[in-house]
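Heads up, the thing below is written out as C-alpha cells.
Source: prediction; values computed, not measured.
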Amino acid sequence: MAPSFDDGNSLFNFVVRDGNGVKGMVDSGLSTVPQAYMQPPIERIDKDRARKHGQPPIDLSKLGGPEHEEVAKQIVRASESLGFFQVVNHGVPVDLLESLKDTAHDFFSLPAEKKAVYRADVSPTPLVKYGTSFVPQKEKALEWKDYISMQYTNDAEALQNWPEEIRDVSLEYLRTSMSMVRNLLQVLLENLGVKPEDSMIDVLVDKKMVNMNYYPTCPNPDFTVGVGRHSDMGTLTILLQDGIGGLYVKIEEDSEFGKKGEWVEIPPVPGALVINVGDMIQVLSNGKYKSAEHRVRTTSTKSRVSIPVFTMPNATAKIAPLPEVVEKDGNALYKEFILADYMKNFFSNAHDGKKSLDFAKN
C-alpha cells in the first residue's frame, strides 16, 4: 500500500529511498501534486508567456560541401547566443530514434523492483544509476522526473553492465552520434582560431554517458518542474526529445533569438536532435560560447521521455580558457581547474541556473 504523500518523510522514503520514483507515486492514483513537489512561484514555468524557438534545424549534411561556411556560421551563431540548436541529417538513423523512445517507455513501465536494483547505494555496477529528481536530499522542491544513467567506458563493459532491456539501442545511439559531435567541435574550435587535432577532441569527449529521462503525467503541471533551471556541465549534450515537448531555454543576451532573460520553448522536430552547449565549452571559449540555461515542464496528458548523450573531458583533465582565445581577449574570465573538482561542486548542489560556473570564474 502506498504511503501518505502528505507526509514528507514517507513520500521521500517511497519515491527516493525505496526506488519507486515519481512513476510509482503517480501509478498509486495520485490526484493532486504533493507539497514536496510544489515549486515556489518564481520557479514555475508559464508556458503561455514563453515564445516558441522558430529557427529551423541546421542541416549537417552540408558540412564539408559548398555550403560548409554558411552552416558553420549557423552553428557558431547559435552557440554564441542561445547555446542550443537543432540538427537534422546528423547521422543517427531516424528509426533508431523512434526505437529509443519506445525502449525508454518500456523500461520505465517495468515493475519498480526491476529498476530499483540500480539505485546509487545498491547498484551492482558504478556505471549504472537509477534515480529520481536531481539531488533530492538538497532540494527545496523535488523535480518530477525519474531517470536511468549509464556511463560509457568501452563496449565490452557497457554490454556487461548496462540494463539488458535498454543496452543495445543506447549503445547504438552513442556510437552513431559521436562523429556528429566531433564535427561540431571541429567547427566551434576552428572559429576560435584553434586548429584542433583529433587528440584534442578526444580529450573533450573522453567521458560519455547516456541517460533516459522519464516525466510521468502530472495532475497539475503549473505547480511543478520536470527539471529545474540549470546548464549542463560537460562539453556538448545531444538530446532526443519525444513529440510532446516541454524544453525551455533562457536567452542570455539580446539577439535574433529574443530578449535577454526571456524563456523560449524548443519545439520537437521529427527526426531532429537538440544540441546543447555545456559549461566546459563556455570556459574553453573564454565566454564566447554560452552554455544554455534550460529547464523542463511537466505535462498532464501523456508521460514524456527524453534521451541525452552527455560528453565531457576525463575527470582528471585540467580545464582553462584556450590560450589562443585569451591572447586575443587580453584576459582569462575563468581560472584553471581540475574537472573532478567542478563535478563535485556541480553534483553536490540543487539546480540553480548557471551558478555552477561561479566555481570557475577568476
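Summarising the local packing, CD of Glu327 is surrounded by 12 or fewer heavy atoms from other residues, nucleotides or ligands at distances under 6.0 Å. Remark: Glu197 CD is loosely packed, at most 12 non-hydrogen atoms of other residues, nucleotides or ligands lying under 6.0 Å away. No more than 12 heavy atoms of other residues, nucleotides or ligands shown are found within 6.0 angstrom of NZ on Lys302.
Using a 3.5 Å distance cut-off with no hydrogens or angles, the side chains of Ser300 and Thr217 do not pair a donor with an acceptor. Side-chain N/O atoms of Thr299 and Thr301 include a donor and acceptor closer than 3.5 Å.
Taking all atoms of both residues into account, the shortest heavy-atom contact from Asp242 to His105 is OD2-NE2, 4.4 Å. Counting all heavy atoms, side chain and backbone alike, Gln282 lies closest to Ser291 at OE1-N, 2.8 Å. Ala120 and Lys129 get closest at one heavy-atom pair: CB-CE, 3.9 Å. When all heavy atoms of Met212 and Ser170 are compared, the pair lying nearest together is CE-OG, 3.6 Å. Here the closest heavy-atom approach between residue Phe107 and residue Ile166 is recorded as CB-CG2, 3.6 Å. Closest approach of Gly64 to His68, counting heavy atoms only: N-ND1, 2.8 Å.
Judged by distance alone, the side chain of Ser123 and the main-chain N or O of Arg119 form no donor-acceptor pair under 3.5 Å. A donor-acceptor distance shorter than 3.5 angstrom exists from the side chain of Asn154 to the backbone of Ala156, with no hydrogens or angles considered. Looking at Ser79, its side chain never comes within 3.5 Å of a backbone N or O of Gly83 through a donor-acceptor pair. The backbone N or O of Val277 sits nowhere less than 3.5 Å from a side-chain atom of Asp232 that would complete a donor-acceptor pair. At least one donor-acceptor pair under 3.5 Å links the side chain of Tyr173 to the backbone N or O of Ile307. No donor-acceptor pair under 3.5 Å is formed between the side chain of Glu262 and the backbone N or O of Val249. With hydrogens and angles ignored, the 3.5 Å screen pairs no side-chain donor or acceptor of Asn213 with any backbone N or O of Asp146. Judged purely by atom type and a 3.5 angstrom limit, Gln241 uses its side chain to pair as donor or acceptor with the backbone of Ile266.
We find that Arg229 and Glu43 are joined by a salt bridge, their nearest charged nitrogen and carboxylate oxygen being less than 4.0 Å apart. A salt bridge links Glu98 and Lys101; the closest N-O separation between the charged side-chain nitrogens and carboxylate oxygens is under 4.0 Å. Taking 4.0 Å as the cut-off between side-chain N and carboxylate O, Lys290 and Glu80 do not count as a salt-bridged pair. Between Arg17 and Asp121 no salt bridge is recorded (no basic side-chain N to carboxylate O distance below 4.0 Å). In this structure, Asp341 does not pair ionically with Lys344, as no charged nitrogen and carboxylate oxygen lie closer than 4.0 Å. No salt bridge links Asp329 with Lys288; every basic N to acidic carboxylate O contact stays at or beyond 4.0 Å.
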Derivation of the side-chain contact (heavy atoms from CB on, under 4.5 Å) call for Tyr147 and Thr132: CA-CA 6 Å; Tyr147 68 89; Thr132 189; 5.6 Å; no
Please walk me through it: do Val128 and Ile148 pass side-chain contact (heavy atoms from CB on, under 4.5 Å)? CA-CA 7 Å; Val128 182; Ile148 184 99; 3.7 Å; yes
Intermediate values then yes/no, side-chain contact (heavy atoms from CB on, under 4.5 Å), Val205 and Arg182: CA-CA 8 Å; Val205 298; Arg182 300 179 79 89; 4.1 Å; yes
Passes side-chain contact (heavy atoms from CB on, under 4.5 Å), Asn276 versus His294? Steps please. CA-CA 9 Å; Asn276 170 2; His294 56 288; 3.3 Å; yes
Evaluate the salt bridge (Lys or Arg N to Asp or Glu O under 4.0 Å) criterion for residues Arg297 and Asp222: first the C-alpha distance (whole Å), next the side-chain angles of each, then the deciding distance (0.1 Å), finally the verdict. CA-CA 8 Å; Arg297 196 174 190 274; Asp222 292 337; 2.4 Å; yes
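With contacts defined as side-chain heavy-atom distances shorter than 4.5 Å, the pair Thr153/Lys208 does not qualify. Proximity of Thr32 to Asn220: side-chain heavy atoms (C-beta onward) are nowhere separated by under 4.5 Å. No side-chain heavy atom of Gln186 sits less than 4.5 Å from a side-chain heavy atom of Asn191. Using a 4.5 Å heavy-atom cutoff, the side chains of Leu60 and Leu63 are in contact. In this structure, the side chains of Val187 and Val76 come closer than 4.5 Å at one or more pairs of heavy atoms. Inter-residue side-chain proximity for Ile275 and Leu184 is flagged as met; some heavy-atom pair is nearer than 4.5 Å. Residues Met209 and Val309 form no side-chain contact, since every pair of their non-hydrogen atoms from C-beta on lies 4.5 Å or further apart. Put simply, the side chain of His90 does not reach to within 4.5 Å of the side chain of Ser177, judged on heavy atoms.
Atom CG of Asn183 is separated from atom CD1 of Ile201 by 8.0 Å, given to the nearest 0.5 angstrom. Atom CD of Glu165 sits about 5.5 Å away from atom NZ of Lys114, to the nearest 0.5 Å. In this structure, Ile281 CD1 and Leu185 CG are separated by 5.0 Å, a value rounded to the nearest 0.5 Å. Summarising the geometry, atom CG belonging to Asn211 is positioned 8.5 Å from atom OG belonging to Ser306; distances are rounded to the nearest 0.5 Å. Lys328 NZ to Asn286 CG: the interatomic distance, rounded to the nearest 0.5 Å, is 11.0 Å. The distance from the CG atom of Asp206 to the CG atom of Leu339 is 10.0 Å, given to the nearest 0.5 Å.
Linking ILVMFWY residues whenever their side-chain heavy atoms come closer than 4.5 Å, directly or via other members, places Leu96 and Val181 in the same cluster. Both Val16 and Val26 are part of a single hydrophobic cluster, where members link through side-chain heavy atoms under 4.5 Å apart. In this structure, Leu333 is not a member of the same hydrophobic cluster as Val326, with clusters built from ILVMFWY side-chain heavy atoms closer than 4.5 Å. No chain of hydrophobic side-chain contacts below 4.5 Å, direct or via other Ile, Leu, Val, Met, Phe, Trp or Tyr residues, connects Val269 to Val274. In the hydrophobic clustering of ILVMFWY residues, with side-chain heavy atoms under 4.5 Å counting as a link, Leu284 and Met200 come out together.
Relative to the six-membered ring of Tyr214, Lys115 misses at least one condition, a distance below 6.0 Å or an angle of at most 45° to the axis.
Aromatic ring centroids of Tyr130 and Tyr118 lie 6.0 Å or more apart. Aromatic rings from Tyr215 and Trp144 are positioned such that their centres are separated by 6.0 Å or more.
Connectivity analysis of hydrophobic side chains (ILVMFWY, heavy atoms under 4.5 Å, direct or indirect) links Ile45 to Val225, Tyr248, Trp263.
Listed by chain and residue number, Asp59, Glu67, Val71 satisfy the side chain to side chain contact (heavy atoms under 4.5 Å, CB included) test with Lys62 (two or more places apart in sequence, or in another chain).
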